[in-house]
Amino acid sequence: GNRVTCRDWFQLSLKEGLTVFRDQEFSADVSSRAVKRIADVRFLRDAQFAEDASPMSHPIRPASYMKIDNFYTLTVYEKGAEVIRVYHTLLGETGFRKGMDLYFERHDGCAVTCDDFFASMRDANQDVDIEALHNWYHQAGTPSVRCERRFDAAAKTFFLTLEQVLPKTPDEHGSDAKVAQLIPVTVGLLDAATGSDIDIRAPERGGRVEIAVVDGSESGKVGRGSRVAFKESSNGSDSDDPSTSVVLVLSAMKATFAFKTVGAPDGGSVEPFANGEPLPSLLRNFSAPVTMTVVPAFDTKESVFFFAHDSDPFNRWEAAQTMARGIICRAYRAAAASISEPVTDADYDGAQCDFASIIVSDEAWPAFAGACVRIVDDAANDKVDRAWAEEALSFPGVAALLREVAPANPVLVHRTRSAFVKAFAKHCVVPLRRALETCDAESNAARDAGEAYDIAEKQTARRSLRAYCLAALASLDVESATAVDFDAACVLRDAYDGAQNMTETVSVLNALSKVDMSARGDDANGVLRATFKRFLETWKDDANVSCTYLSSVAQLSAYVSDAVADDAKRDESASANPALANVRAVCENSNDEFHGVYDAKVPNKFYALIGGFARGNVRGFHALDGRGYDFVVDKLLEMDKINAIAASRLAKPFTEWRLYDPRRAAMMRACLEKILAAKPSPNMFEICTKSLAAE
């Protein structure tokens, strides 16, 4: 942004997308590349894909805007970075660097456009056709790719048919006919018997597999149109090996790629498909910002196979997420179907549903749970990247699940997911406890040996696994925890006392938020309240760490202090919604016990507390009485007079009202109308009017 900047605001993604990509790559170089990629994609899917599907959908280069403040968005930043990554995938490390060198040679000290960046990349790599990549800049929405797999045993040929579907979107040109995006799909083939990567090199590269486009609007291996691009070199991952991964470049709406065995075996070669139909490892390293559907869908056995054998760590993670998402969504639908009208508000939100029985009776549960046990054991024994294991077993959140089952009851989704996490923890309780003890023993030994705190990969991975085990075990019901002698309150109190760094300290706050305090006595509630009080008293004057406190309070479903609990006894509405009572008390600094830690004039504190509540506390914000919505609307209107940019950003949860059940959708829509009736800032006006107009 200092050496080459934007000619106008429409080009914002030019520098911001590139900056996010550079940051992602730097972080990957100094930590676990696989874990960093997984974390980035999880955030992209949870947040940016939601924006793509909302009334605020827009291309990475918007065609128009009312207030540019509203376009400092996840689409401009995160999707913009993914488009830069598409360049990198198509051009390779060497080609991408050539393009960047030409970009600076041409434009150093200038104000330029996205077209100038594209031209530099294209002109520096004239042997690679990237013309259709330009479409990413002016078409909104998340493309969907349908992948059909087929094997012809007699012809020793495996076929993949890729078809892209581009959604209509509410932006200025979103209803116009859209043209095919340039989508790189990195693919590997696994031997169905051994799980090893099949060598898919072409004969001229020393292999026995010929890959070509055999059907579609384009054909051929090179040149314009859909084509095959072989990876230039490894980037530190087995799945990036050019002999086992290939990039299928889809630039038509539909194309079929054939992997055909050629040549006769010699003394050193292996028949590629000797063990029958291979399993395709698709979209490795998440090579394009798309959703993908496989036909026929991978069954449970195949998903477990990927989880165990895929050399691509992203797709191993994806297999775990896919299985978990399927079980949770099926359980949600079963729970929702069991609720009959008329019902009380509590029953409407699933108070009487037996989620645990629904989950463990799912046909995929035994295989999935067994695979999870093996992963936890391997992580404890340091046989897999521990940080990767933590990501693999961090299951899809409510925001991602809602898009799978919408329109849906968010509290019912939350309860289903919580029951799934508890069922997992109960099934894996022994290895989880063993992994926690192993991490503690290693940490103690390292400390006794004089090892200093470091951000090296080994230490951070151990801290990640330890924090995960603490939170998972804390979610156990009392009976399951007692069976393995895990007293959550005692363990977490001791963990807080023994914390050696901020990561360990905050992991205790997170774990405490997972404990079901309603099923435990005063001792457990006392530990939670005392721990949060100690943390606040220690860090109340630190602007950054106090935001951590505020975001942690926003996630709680139990009272954060004795005073808030006592006040709730006198206020029926507060007793029904402890989460809201906490946030309201911190905002108002009740009884001066919160030391004035919240200041609405500080945007980061507003995001941490009010944003944390609206985005992360499902039961509190989406309470069926509507008080959570009303509270946030009041805070948005207050902030709109102080900082319109901050207020409009936190109005986004209301713009997603179409995702929810009719009762909540109506209340959220009314909230948007209430904001408009208050004559808000232009920033807020644009967000609300677009949300209501896109019906």
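On a predicted model such as this, the values are computed, not experimentally measured, just so you know.
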Which atom of [X] lies closest to which atom of [Y], heavy atoms considered:
X: G141; Y: S57; value: N-OG, 3.8 Å
X: R658; Y: P55; value: NH1-CG, 3.4 Å
X: S507; Y: R466; value: OG-NH1, 4.2 Å
X: T416; Y: I328; value: CG2-O, 3.6 Å
X: I455; Y: R463; value: CA-NH2, 4.2 Å
X: A63; Y: F10; value: O-CE2, 3.5 Å

Would the number of heavy atoms belonging to other residues, nucleotides or ligands and lying under 6.0 Å from [atom1] of [X] be above 12?
X: K674; atom1: NZ; result: yes
X: F685; atom1: CZ; result: no
X: F26; atom1: CZ; result: no
X: K540; atom1: NZ; result: yes

How long is the straight-line distance from [atom2] of [Y] back to [atom1] of [X], given to the nearest 0.5 Å?
X: Y598; Y: L550; atom1: OH; atom2: CG; value: 8.5 Å
X: Q139; Y: H134; atom1: CD; atom2: NE2; value: 11.5 Å
X: M639; Y: I645; atom1: CE; atom2: CD1; value: 11.5 Å
X: W317; Y: E390; atom1: CH2; atom2: CD; value: 11.5 Å
X: I60; Y: L14; atom1: CD1; atom2: CG; value: 9.5 Å
X: F532; Y: S552; atom1: CZ; atom2: OG; value: 5.0 Å

For this session: Classify the ring geometry between Y549 and F594 as parallel (under 30°), tilted (30 to 60°) or perpendicular (over 60°).
Result: tilted
For this session: On the 0 to 90° scale, with breaks at 30° and 60°, tag the Y77-Y72 ring pair as parallel, tilted or perpendicular.
Result: tilted
Could [X] and [Y] be called an ion pair, given the rule that one side-chain N must be under 4.0 Å from one carboxylate O?
X: K690; Y: E686; result: yes
X: R664; Y: D661; result: yes
X: K79; Y: D52; result: yes
X: D562; Y: R529; result: yes
X: R649; Y: E51; result: no
X: D108; Y: R3; result: yes
X: R663; Y: D345; result: yes
X: E25; Y: K36; result: no
X: R33; Y: D29; result: yes
X: E638; Y: K635; result: yes
X: R42; Y: E391; result: yes
X: D8; Y: R61; result: no

Could you check if a side-chain atom of [X] sits within less than 4.5 angstrom of a side-chain atom of [Y], using non-hydrogen atoms only?
X: V632; Y: F654; value: yes
X: M100; Y: M121; value: yes
X: Y629; Y: C671; value: yes
X: Y137; Y: P59; value: no
X: L133; Y: V83; value: yes
X: D40; Y: E78; value: no
X: L556; Y: V583; value: no
X: V112; Y: R7; value: no

Main-chain N/O of [Y] paired to [X] side chain as donor or acceptor, under 3.5 Å:
X: N285; Y: S287; value: no
X: N582; Y: V564; value: no
X: N589; Y: H595; value: yes
X: N577; Y: G620; value: yes
X: R417; Y: P396; value: yes
X: D516; Y: S475; value: no
X: S120; Y: D116; value: yes
X: N617; Y: A554; value: yes
X: S691; Y: I687; value: no
X: S13; Y: V76; value: yes

For this session: Would you please indicate yes or no on a ring centroid separation below 6.0 angstrom for Y87 and F96?
Result: no
Exercise. Would a line drawn from the ring center of H107 to the ring center of F117 be shorter than 6.0 Å?
Worked result: no
For this session: Applying side-chain hydrogen bond (donor to acceptor under 3.5 Å, both in side chains), run through T169 and K178 and close with a yes or a no.
Result: CA-CA 10 Å; T169 49; K178 294 186 177 180; 3.2 Å; yes
For this session: Starting from the C-alpha separation in whole Å, work towards a yes-or-no answer on side chain to side chain contact (heavy atoms under 4.5 Å, CB included) for V560 and K533.
Result: CA-CA 8 Å; V560 71; K533 182 178 181 180; over 6 Å; no
For this session: Tell me whether the guanidinium CZ or amine NZ of R403 lies under 6.0 angstrom from the six-membered ring centre of F49 and within 45° of its axis.
Result: no
Problem set entry | side chain to side chain contact (heavy atoms under 4.5 Å, CB included) between R45 and V41, intermediate numbers included | CA-CA 6 Å; R45 285 175 169 172; V41 174; 3.8 Å; yes
